[in-house]
Structure formats: structure tokens, C-alpha cells
Amino acid sequence: MSACRLGKVFPETSILFLCDMQEKFRPNISYFPQIVSVAARMLKVAKALEIPTVVTEQYPKGLGPTVPELGAEELRKYPKTCFSMIIPEVEKEMAAVPKLKSVLLCGIETQACIMSTALDVMERGLDVHVVVDACSSRSQVDRIVALSRLRQSGAFLTTSEGLILQLVRDAAHPRFREIQKLIMDPAPDSGLLPFLTAPSPRI
């Protein structure tokens with residue numbers, strides 16, 4: 001079995017996608033502050049490990065800018081109207097990563113832009129790691145069913161901490177102490193626990 005099929009991740013062959021975390025979504029997305037907090041943590045880790053990052057905004061004229069607490073002020077924002085993040089500008093960013101194998105995916109909404117992006121990425125033969133505690137929707141039903149659908153289609157579902165530790169791989173990593181501080185406190189509760197502890201987990 002290949003490393004790709006196992007879902008192993010390495011910083012040098014990965015790219016982080018931050019999808020549409022914008023002001024107008026703030027009052028409507030379930031667990032929005034928690035989702036953004038976890039995505040911000042992923043961005044800090046990406047910076048520490050020199051993982052390229054792409055940020056998109058869905059129709060920013062109507063839905064507003066990326067929220068400041070994400071910490072992505074210095075990153076270019078790619079506007080889009082289609083649900084998928086895979087627009088020509090983002091494809092150029094992907095092409096700039098030698099031997100790209102893995103897309104690390106955070107954002108909203110799970111059943112719309114996260115779903116469309118993940119399917120488009122997998123169609124290109126790449127692994128997708130959906131950070132479940134950094135993805136949400138207006139409806140928790142849509143969120144959970146979309147995560148199940150993504151797993152059926154071949155995406156890897158992971159928590160932020162699980163993914164971060166896979167990227168670092170070794171306590172001897174030169175940036176481990178820095179990253180350890182970022183995960184010292186558990187990620188905030190984003191409403192997934194009831195679904196994971198049910199008799200028949202839904203994701």
C-alpha cells in the first residue's frame with residue numbers, strides 16, 4: 001500500500017486551503033468562532049513548517065472580507081463565485097508546490113464549498129485531509145452528512161491536532177517546541193462530540 005493511500009502527510013508536499021471564512025457568515029455558521037480559532041491554529045503551524053497557504057473568499061462584495069481573527073491579513077485572498085476553491089489562480093498556487101500530494105482543508109460550508117473543493121482535488125489524484133474541527137455549516141445535519149459523504153468519496157477526516165502531529169512527526173523536529181505551544185490547550189469544542197459518542201458514529 002502506498003503512502004498516498006495511507007494518507008501520510010509531509011510539509012514539503014502539502015498545501016493548506018482556508019475556505020471562505022468571511023464576516024457575513026459569522027452569525028449563521030454553527031460554532032463559527034471555534035472553527036476560525038482552529039483554522040487560525042492550522043495557519044500558524046503552516047507558517048512554522050513553511051507550508052504554502054491559499055485563502056479564498058466567496059463573493060466578497062456581498063459576503064464581506066475574511067475575518068481578522070483568522071490571522072491571514074498578509075495573505076492574498078482569491079475571490080470566487082463557484083463553490084470549489086479550484087479556480088485558475090488556485091491551480092497556479094498548487095502547481096508551484098513541487099510533488100504536491102496533500103491538500104489540508106479548513107473552512108465553510110462543509111456541504112458546499114468544502115465538499116466541492118475536496119471532490120475536485122481528489123479528482124486530480126491528490127489526497128484531501130478535511131480538518132473536521134475547522135469545518136462547519138449553518139446546519140449541523142448538513143455538516144455531519146457532508147463529512148460522511150466526503151469519507152465515502154475517499155477524503156481523510158482528521159482533527160487539527162492529529163494532523164499537526166502527523167506533519168511534525170518527531171519531538172526532535174526543530175520547530176516542535178514552537179508547535180507544541182500551539183496545541184498545548186485542546187481545540188475548542190465545535191459540536192462534534194455528540195455525533196462521535198453516539199452508538200453508531202455518523203462520521
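For this chain, numbers begin at 1 and follow the sequence in order. Reckoned from all heavy atoms, side chains included, excluding hydrogens, waters and symmetry mates.
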Test log, rule side chain to side chain contact (heavy atoms under 4.5 Å, CB included), inputs Leu119 and Met115: CA-CA 6 Å; Leu119 294 177; Met115 174 76 72; 4.0 Å; yes
Criterion side chain to side chain contact (heavy atoms under 4.5 Å, CB included) on Val67 and Phe25, from CA distance to verdict: CA-CA 10 Å; Val67 296; Phe25 289 120; over 6 Å; no
Intermediate values then yes/no, side chain to side chain contact (heavy atoms under 4.5 Å, CB included), Ile183 and Leu165: CA-CA 9 Å; Ile183 61 172; Leu165 292 174; 3.6 Å; yes
Verdict with supporting geometry, Arg143 and Ser190, side chain to side chain contact (heavy atoms under 4.5 Å, CB included): CA-CA 11 Å; Arg143 179 190 187 193; Ser190 61; 3.3 Å; yes
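Every salt bridge (Lys or Arg N to Asp or Glu O under 4.0 Å) that Arg175 has, sequence neighbours left out, goes to Glu178. Taking Tyr78 as the reference, Glu93 meet the side chain to side chain donor-acceptor pair (under 3.5 Å) condition, with sequence neighbours excluded. Take Thr66 and apply the side chain to side chain donor-acceptor pair (under 3.5 Å) test, not counting sequence neighbours, and it matches Glu57. Contacts of Ser136 classified as side chain to side chain donor-acceptor pair (under 3.5 Å), with partners at least two apart in sequence or in another chain: none. Taking Ser153 as the reference, Arg149 meet the side chain to side chain donor-acceptor pair (under 3.5 Å) condition, with sequence neighbours excluded. In this view, Glu73 and Pro68 satisfy the side chain to side chain contact (heavy atoms under 4.5 Å, CB included) rule, not counting sequence neighbours.
Between Ala96 and Pro98, the shortest heavy-atom distance links the atoms O-CD, 3.3 Å. Listed here is the closest heavy atom pair of Glu109 and Gln111: OE1-NE2, 3.0 Å. Listed here is the closest heavy atom pair of Tyr31 and Gln140: CE1-NE2, 3.8 Å.
Remark: Thr110 OG1 to Leu147 CG distance equals 5.5 Å, nearest 0.5 Å. Taken from OG in Ser139 to CD1 in Ile29, the straight-line distance is 10.0 Å, to the nearest 0.5 Å. Atoms OG1 and CG, from Thr158 and Asp133 in turn, are 8.0 Å apart once rounded to the nearest 0.5 Å. Rounded to the nearest 0.5 angstrom, Thr53 OG1 and Arg76 CZ are separated by 15.0 Å. Here Ile114 contributes atom CD1 and Cys19 contributes atom SG; the two are 4.5 Å apart, rounded to the nearest 0.5 Å. For the atom pair CD1 of Ile164 and CD1 of Ile179, the computed distance is 7.5 Å after rounding to the nearest 0.5 Å.
Legend: salt bridge (charged side-chain N to carboxylate O under 4.0 Å, His left out) pairs involving residues 152-162, not counting sequence neighbours: none detected. Screening residues 11-23 for side-chain hydrogen bond (donor to acceptor under 3.5 Å, both in side chains) gives Asp20-Thr56, Asp20-Lys80, Glu23-Arg26 as the qualifying pairs, with residues at least two apart or on separate chains. Applying the ring-ring contact (aromatic ring centres under 6.0 Å, His included) test to every pair with at least one member in residues 105-129, sequence neighbours left out, gives these pairs: His129-Phe156. The ring-ring contact (aromatic ring centres under 6.0 Å, His included) contacts involving residues 85-108 comprise nothing, where partners must be two or more places apart or lie in separate chains.
Side-chain contact between Val54 and Met94 is absent, with no heavy atoms from C-beta onward closer than 4.5 Å. Within the 4.5 Å cutoff, no side-chain heavy atoms of Phe176 are placed close to those of Asp170. The shortest distance between side-chain heavy atoms of Cys113 and Gln58 falls below 4.5 Å. Put simply, the side chain of Phe10 does not reach to within 4.5 Å of the side chain of Lys101, judged on heavy atoms.
Placement of Ile108 and Val121 in two distinct hydrophobic clusters is found when ILVMFWY residues are connected by side-chain heavy-atom separations under 4.5 Å, directly or transitively. In the hydrophobic clustering of this structure, Leu105 groups with Val132; members are Ile, Leu, Val, Met, Phe, Trp, Tyr whose side-chain heavy atoms approach within less than 4.5 Å, directly or through other members. Under a hydrophobic-cluster definition in which Ile, Leu, Val, Met, Phe, Trp and Tyr are linked whenever side-chain heavy atoms come within less than 4.5 Å, directly or via other members, Val103 and Leu150 are assigned to the same cluster. Both Val131 and Leu18 are part of a single hydrophobic cluster, where members link through side-chain heavy atoms under 4.5 Å apart. No path of Ile, Leu, Val, Met, Phe, Trp and Tyr side chains, each step under 4.5 Å between heavy atoms, connects Leu70 with Phe17, placing them in separate hydrophobic clusters.
Distance alone, capped at 3.5 Å, is enough to place a donor-acceptor pair between the Lys24 side chain and the Gly62 backbone. In this structure, the side chain of Ser30 engages the main chain of Arg138 through a donor-acceptor pair within 3.5 Å. A donor-acceptor pair is defined here as one N or O able to donate and one able to accept, closer than 3.5 Å; no such pair exists between the side chain of Lys99 and the backbone of Val97.
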Review item, side-chain donor-acceptor pairs of residues 83-92, under 3.5 Å, at least two apart:
| residue | atom | partner | partner atom | Å |
| --- | --- | --- | --- | --- |
| Ser84 | OG | Ile86 | N | 3.0 |
| Ser84 | OG | Asp120 | OD2 | 2.7 |
| Glu91 | OE2 | Arg124 | NE | 3.4 |
| Glu91 | OE2 | Arg124 | NH2 | 3.0 |

Kindly list each side-chain donor-acceptor pair under 3.5 angstrom involving residues 38-52, sequence neighbours excluded, with atom names and distances?
| residue | atom | partner | partner atom | Å |
| --- | --- | --- | --- | --- |
| Arg41 | NH1 | Leu182 | O | 3.2 |
| Arg41 | NH1 | Asp185 | O | 3.2 |
| Arg41 | NH2 | Ser160 | OG | 2.9 |
| Lys47 | NZ | Gly71 | O | 3.4 |
| Lys47 | NZ | Glu74 | OE2 | 2.8 |

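Residue Leu104 forms a side chain to side chain contact (heavy atoms under 4.5 Å, CB included) with just one option from Asp127, Val128, Leu167, Ile15, and that option is Leu167.
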